[in-house]
Amino acid sequence: MKCYQLWKLGFSDMKGVTVPRTRASPRRRIWISVVVIFIIITVLWAYLYPPQDYSYPVRDWFPSEPTRELTDAETAARVVFRQILSTPPFISRNPKIAFMFMTPSQLPFEKLWELFFKGHEGRYTIYVHASREKPEHVSPIFVGRDIHSEKVGWGMITMIDAERRLLAKALEDIDNQHFVLLSESCVPLHNFDYVYDFLMGSRHSFLDCFNDPGPHGVYRYSKNMLPEVRESEFRKGSQWFSMKRQHAMVVIADSLYYTKFRLYCRPGMEEGRNCYADEHYLPTLFHMMDPAGIANWSVTYVDWSEGKWHPRSFRAKDVTYERLKNMTSIDVSIHITSDEKKELLQRPCLWNGLKRPCYLFARKFYPEAFDNLVNLFSNYTIF
């Protein structure tokens with residue numbers, strides 16, 4: 001009877017019935033909060049600082065398909081690039097860095113580089129592309145390291161040809177995992193161990209890339225590059241790169257975009273425009289094909305503060321402890337657009353998500369600076 005009467009209670013009557021509520025103890029609530037916070041922190045940390053051997057899935061960084069229908073050549077190129085970039089890197093028992101020197105003839109800082117490499121045999125390889133005459137090497141570590149070379153013209157596609165020639169030769173050694181392009185006027189700013197750990201431990205290639213809407217940037221673009229290269233994708237950057245093996249293979253495998261730049265990015269184009277492939281080809285290629293795979297800044301310091309066609313060159317009197325120390329402490333990559341706005345573009349130099357000093361090397365140094373550089377080498381490389 002009691003059960004029947006309870007069942008007959010209406011909804012309005014139930015409002016007055018006190019329903020007991022179970023409450024978690026204060027200690028239990030604290031533990032739940034701690035666990036939730038721990039999970040959030042763990043997820044964020046894994047996202048920001050993934051393990052060194054972590055490889056991003058291709059879908060995360062490969063560009064989305066354009067809305068237009070791809071040409072046969074584009075389809076073929078994307079298949080090749082996707083395969084290269086998605087293939088796990090070869091695990092070498094003896095990973096090395098390939099130091100590739102592009103020079104007209106002599107290498108005035110061979111003895112300085114010899115100091116840099118001393119004691120690290122087996123962790124590096126050297127390749128020399130001399131475009132005018134074969135250099136007479138003064139350091140034994142450079143002897144026999146010359147590759148087949150061709151003439152190189154400033155601002156011409158032959159600069160890219162030389163880079164590709166160096167990369168192809170260096171790729172023959174399966175242990176070469178990182179590839180650094182240097183000139184005869186380049187010098188190291190850190191000791192070998194610092195450079196090796198910096199490059200080998202990075203998840204990115206260090207290739208300079210930014211959007212310059214001015215006459216030294218987008219104005220150099222030619223509509224003849226359509227449909228494969230659009231004006232909105234045209235980028236600029238320093239030619240002095242440091243790239244991982246997969247990216248080096250992309251450069252060698254590319255023929256489609258290389259041909260576009262060979263034909264339509266050169267001095268003396270239509271409407272009096274001058275396009276220099278060494279400043280635009282690689283930045284544009286990787287901005288299109290693997291934008292998340294490059295750091296968008298170069299590890300080679302160049303001083304453009306004088307605003308001339310060529311960067312500042314350093315003579316013997318310019319080589320001081322303070323100047324070199326300053327080069328090694330810069331942690332922001334800076335560009336200034338060439339349009340009327342002269343916009344200052346600043347980008348922090350991030351190494352695997354952490355802000356670090358940008359530069360491992362520097363240029364352009366006159367041969368007369370050799371003695372000062374050698375005397376300071378043991379001091380300024382500690383930074």
Side-chain angles (χ1 to χ4, degrees), residues 46-47 50-92 95 98 160-161 163-179 181 199-211 225-237 241-265 277 280-297 350 352-353:
Y47 176 78
Q52 295 295 328
D53 58 350
Y54 178 81
S55 297
Y56 291 101
V58 176
R59 65 178 180 273
D60 289 347
W61 41 253
F62 200 81
S64 59
E65 297 291 338
T67 54
R68 63 178 175 80
E69 183 178 358
L70 297 177
T71 64
D72 290 344
E74 284 180 288
T75 301
R78 283 173 175 259
V79 168
V80 172
F81 294 158
R82 189 185 297 270
Q83 183 65 38
I84 292 174
L85 294 172
S86 62
T87 301
F90 171 77
I91 305 301
S92 170
I160 302 298
D161 295 336
E163 294 173 9
R164 286 159 60 100
R165 198 172 292 120
L166 280 163
L167 286 171
K169 188 64 178 179
L171 280 166
E172 290 181 344
D173 188 337
I174 195 65
D175 289 326
N176 286 334
Q177 298 296 303
H178 214 100
F179 303 78
L181 182 67
L199 296 180
M200 288 299 194
S202 172
R203 300 193 303 267
H204 300 88
S205 290
F206 297 95
L207 194 143
D208 193 25
C209 177
F210 71 103
N211 183 24
M225 291 186 175
L226 290 171
E228 293 85 356
V229 181
R230 293 175 293 180
E231 184 175 345
S232 61
E233 298 167 328
F234 194 72
R235 291 296 184 270
K236 182 179 179 179
F241 61 75
S242 172
M243 64 175 59
K244 303 180 80 65
R245 187 175 183 90
Q246 289 166 308
H247 285 158
M249 293 177 66
V250 166
V251 176
I252 297 303
D254 176 45
S255 61
L256 172 63
Y257 301 99
Y258 164 79
T259 301
K260 288 289 183 177
F261 279 83
R262 179 174 60 82
L263 295 175
Y264 306 116
C265 182
H280 299 285
Y281 167 60
L282 290 181
T284 302
L285 175 66
F286 284 103
H287 172 72
M288 295 173 61
M289 294 298 110
D290 189 12
I294 60 175
N296 294 304
W297 49 278
L350 300 179
N352 294 348

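Since the structure is predicted, the reported quantities are computational estimates derived from the model, not experimental observations. Sequential numbering from 1 along the given sequence is applied to the chain's residues.
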Using the test ring pair (Phe, Tyr, Trp, His ring centres under 6.0 Å), find all partners of H178 that sit at least two apart in sequence or belong to another chain.
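By the ring pair (Phe, Tyr, Trp, His ring centres under 6.0 Å) rule, H178 matches no residue at all.
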
For F210, ring pair (Phe, Tyr, Trp, His ring centres under 6.0 Å) partners two or more places apart:
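F210: ring pair (Phe, Tyr, Trp, His ring centres under 6.0 Å) contacts with H335.
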
Please examine the side chains of L256 and E228, heavy atoms only from C-beta on, and report whether any two atoms are closer than 4.5 Å.
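Of all side-chain heavy-atom pairs linking L256 with E228, at least one is under 4.5 Å.
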
Reference residue S205; test side-chain hydrogen bond (donor to acceptor under 3.5 Å, both in side chains); the match among H247, R245, K244
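Single side-chain hydrogen bond (donor to acceptor under 3.5 Å, both in side chains) partner of S205 among H247, R245, K244: H247.
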
Just verifying a value: how many Å separate [X] [atom1] and [Y] [atom2], rounded to the nearest 0.5 Å?
| X | Y | atom1 | atom2 | answer |
| --- | --- | --- | --- | --- |
| Y257 | E233 | OH | CD | 8.0 Å |
| N211 | H287 | CG | NE2 | 7.5 Å |
| E163 | L282 | CD | CG | 5.5 Å |
| D208 | F286 | CG | CZ | 13.5 Å |
| I160 | Y258 | CD1 | OH | 8.5 Å |
| L171 | F179 | CG | CZ | 4.0 Å |

Locate the shortest heavy-atom distance separating [X] from [Y]; write the atom from each residue and the value.
| X | Y | result |
| --- | --- | --- |
| A253 | V80 | CB-CG1, 4.0 Å |
| G237 | P283 | N-CG, 3.7 Å |
| K260 | L226 | NZ-O, 3.3 Å |
| A170 | N176 | O-ND2, 2.8 Å |

Counting only heavy atoms not in M249, do more than 12 sit closer than 6.0 Å to its CE atom?
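At most 12 heavy atoms, drawn from other residues, nucleotides or ligands, come within 6.0 Å of this atom.
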
Has H204 got a side-chain atom pairing as donor or acceptor with G293's backbone, closer than 3.5 angstrom?
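Such a contact is absent between H204 side chain and G293 backbone.
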
Please work out whether the ring planes of F261 and Y281 are parallel, tilted or perpendicular, with thresholds of 30° and 60°.
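Rings of F261 and Y281: perpendicular, as their planes differ by over 60°.
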
